[in-house]
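Computed from a predicted model, the values in this text were never measured in an experiment. Start at 1 and go down the list; that is how both ligands and their atoms are numbered.
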Amino acid sequence: MFKCAAARFRVRQVLSKRRRLDYGASMKNNTFVNHPPAVQVPADNRPLVAPIYQSVKFAFDNSSETMRFLGGDREGFFYSRNANPTLRQLEMTLAHMQGREACLLVGSGVATIAATLLSLCKQGDHVLAFIESYGPTRYIVQHLLAKYGVTHTLLSIEDLAGIERVLRETPTRLVVFESPTNPVTKIADIEHLTAHARRANSLTVMDNTFAGFHNHGGYDVDIFLHSLTKYASGHGDVMGGAIIANEALIAQMRKDVVSMGPTLDPHAAFLIQRGLRTYFLRYERECANALAVSQFLHAHARVKRVLHPGLKSHPQHSLAKRQMKDFGTVVSFELDGGYEEGNRFADALTLFSLTSSVGSTESLVMTPQLLGGQQFTPAQREASMLTRGTVRLSIGLEDAADLIADLGQALDAAFV
Ligand SMILES: *Cc1c(COP(=O)(O)O)cnc(C)c1O
């Protein structure tokens with residue numbers, strides 16, 4: 001009975017194909033495999049998980065509908081570099097989570113920074129950026145934009161008077177910042193920054209990767225950037241990036257960015273969409289673990305200073321508390337030692353992998369030597385708070401007591 005219905009269904013789908021392909025004797029199999037039967041799920045029979053539209057091309061029934069689509073007179077999809085239904089679902093989800101109208105997806109977090117800055121700046125523009133920012137962001141501002149005649153000022157994110165002065169005195173196209181900053185978790189005063197940028201007619205671009213999609217949406221930020229490689233996908237197995245803003249800005253940027261070509265693949269979009277189902281649970285638990293780890297480190301004799309926005313001893317704890325619903329999963333601290341102790345500490349850890357990235361289910365560590373900061377001038381280095389003892393931890397979903405035990409034995413091993 002069931003078998004019979006399935007067979008009938010299959011026949012109906014074959015016959016309903018637009019072009020009445022002859023699946024009989026006349027079509028050779030080498031033709032057939034390139035024009036396989038289409039299966040259309042009935043409209044009242046939906047899959048609970050959206051399928052992956054792993055197709056580069058989409059076709060309409062005829063040339064007049066194709067022309068109508070290309071003229072903007074009808075809905076649809078045509079070429080996946082421009083738009084794809086799997087990506088569209090993720091764009092709608094992320095825009096909603098961040099409290100904005102629209103989203104543009106790209107292949108990595110760094111691609112969001114490069115694409116946004118290249119799309120919104122032109123020769124002669126000025127950009128305000130910050131010493132404490134993610135390294136590749138500084139590279140894009142200082143080297144890539146500079147090649148195209150875009151100038152910049154690099155300040156400390158804590159230099160509120162400097163920010164006011166630059167925005168008052170120098171016409172500035174973009175203010176590019178992040179909070180908490182990578183790697184030392186400084187907190188940007190978002191209200192101060194956005195108010196002064198608005199008054200100066202500058203657009204604010206906030207890399208919100210560390211804080212996540214549930215934080216900072218209430219502030220007057222023009223463009224949010226996220227590495228989806230981190231908390232959105234959450235499992236360390238896929239890369240992606242999201243640019244989130246109002247419709248007008250995204251529409252304007254989409255034209256440029258589509259022409260640069262950093263498209264996200266539909267399969268990656270599917271994995272990120274799946275990761276989001278557990279985003280809130282993961283973020284919450286990883287934050288709780290990070291706070292427990294911070295408190296342990298804070299009390300440890302071999303740790304000079306712990307930087308986690310959730311700790312009362314963090315210099316900007318009250319600002320973080322005002323701005324954020326929770327405090328993130330990155331913990332930085334300063335070992336009572338240098339590169340040698342840092343390397344011994346990392347090598348002795350068993351649950352923390354020595355590698356880059358954050359926001360994965362497993363815990364990660366970066367040593368003072370890997371965090372670098374060698375490119376800074378002495379004044380910039382001081383503002384960066386990077387020392388020869390700075391360690392960055394990204395806290396995962398392991399049991400907090402296990403993480404603390406591992407950190408304790410590794411600190412002992414580092415100072416033998
Ligand atoms: C990781 C990271 C990025 C870059 O993301 P990728 O997906 O690795 O390209 C950008 N900004 C911040 C704050 C990050 O932590």
Answer yes or no: is there a side-chain heavy-atom contact under 4.5 Å between Val166 and His196? no
Give me the ring orientation class for Phe333 and Phe345: parallel if the planes are under 30° apart, tilted from 30 to 60°, perpendicular past 60°. perpendicular
Non-hydrogen atoms closer than 4.0 Å to ligand 1: which protein residues do they belong to? List them by chain and number, please. Ser108, Gly109, Val110, Tyr134, Asn182, Asp207, Thr209, Phe210, Ser227, Thr229, Lys230, Met239, Gly240
Describe, in one word, how the ring planes of Phe213 and Tyr279 are oriented to each other, choosing from parallel (under 30°), tilted (30 to 60°) and perpendicular (over 60°). perpendicular
Using distance alone, with no hydrogens and no angle criterion, decide if His308 and Gln295 have a side-chain donor and acceptor under 3.5 Å apart. no
Would you give me the side-chain donor-acceptor pairs under 3.5 Å for residues 125-135, sequence neighbours excluded?
{"unit_1": "Asp125", "atom_1": "OD1", "unit_2": "Lys122", "atom_2": "NZ", "d": "3.3"}
{"unit_1": "Asp125", "atom_1": "OD2", "unit_2": "Lys122", "atom_2": "N", "d": "2.9"}
{"unit_1": "His126", "atom_1": "ND1", "unit_2": "Thr172", "atom_2": "OG1", "d": "2.9"}
{"unit_1": "His126", "atom_1": "NE2", "unit_2": "Thr153", "atom_2": "N", "d": "3.4"}
{"unit_1": "His126", "atom_1": "NE2", "unit_2": "Thr153", "atom_2": "OG1", "d": "2.6"}
{"unit_1": "Glu132", "atom_1": "OE1", "unit_2": "Ile157", "atom_2": "N", "d": "2.9"}
{"unit_1": "Glu132", "atom_1": "OE2", "unit_2": "Ser156", "atom_2": "OG", "d": "2.6"}
{"unit_1": "Glu132", "atom_1": "OE2", "unit_2": "Ile157", "atom_2": "N", "d": "3.3"}
{"unit_1": "Glu132", "atom_1": "OE2", "unit_2": "Lys186", "atom_2": "NZ", "d": "2.8"}
{"unit_1": "Ser133", "atom_1": "OG", "unit_2": "Phe130", "atom_2": "O", "d": "3.1"}

Pick out which of Ile244, Asp222, Leu94 makes a side-chain contact (heavy atoms from CB on, under 4.5 Å) with Arg100. Ile244
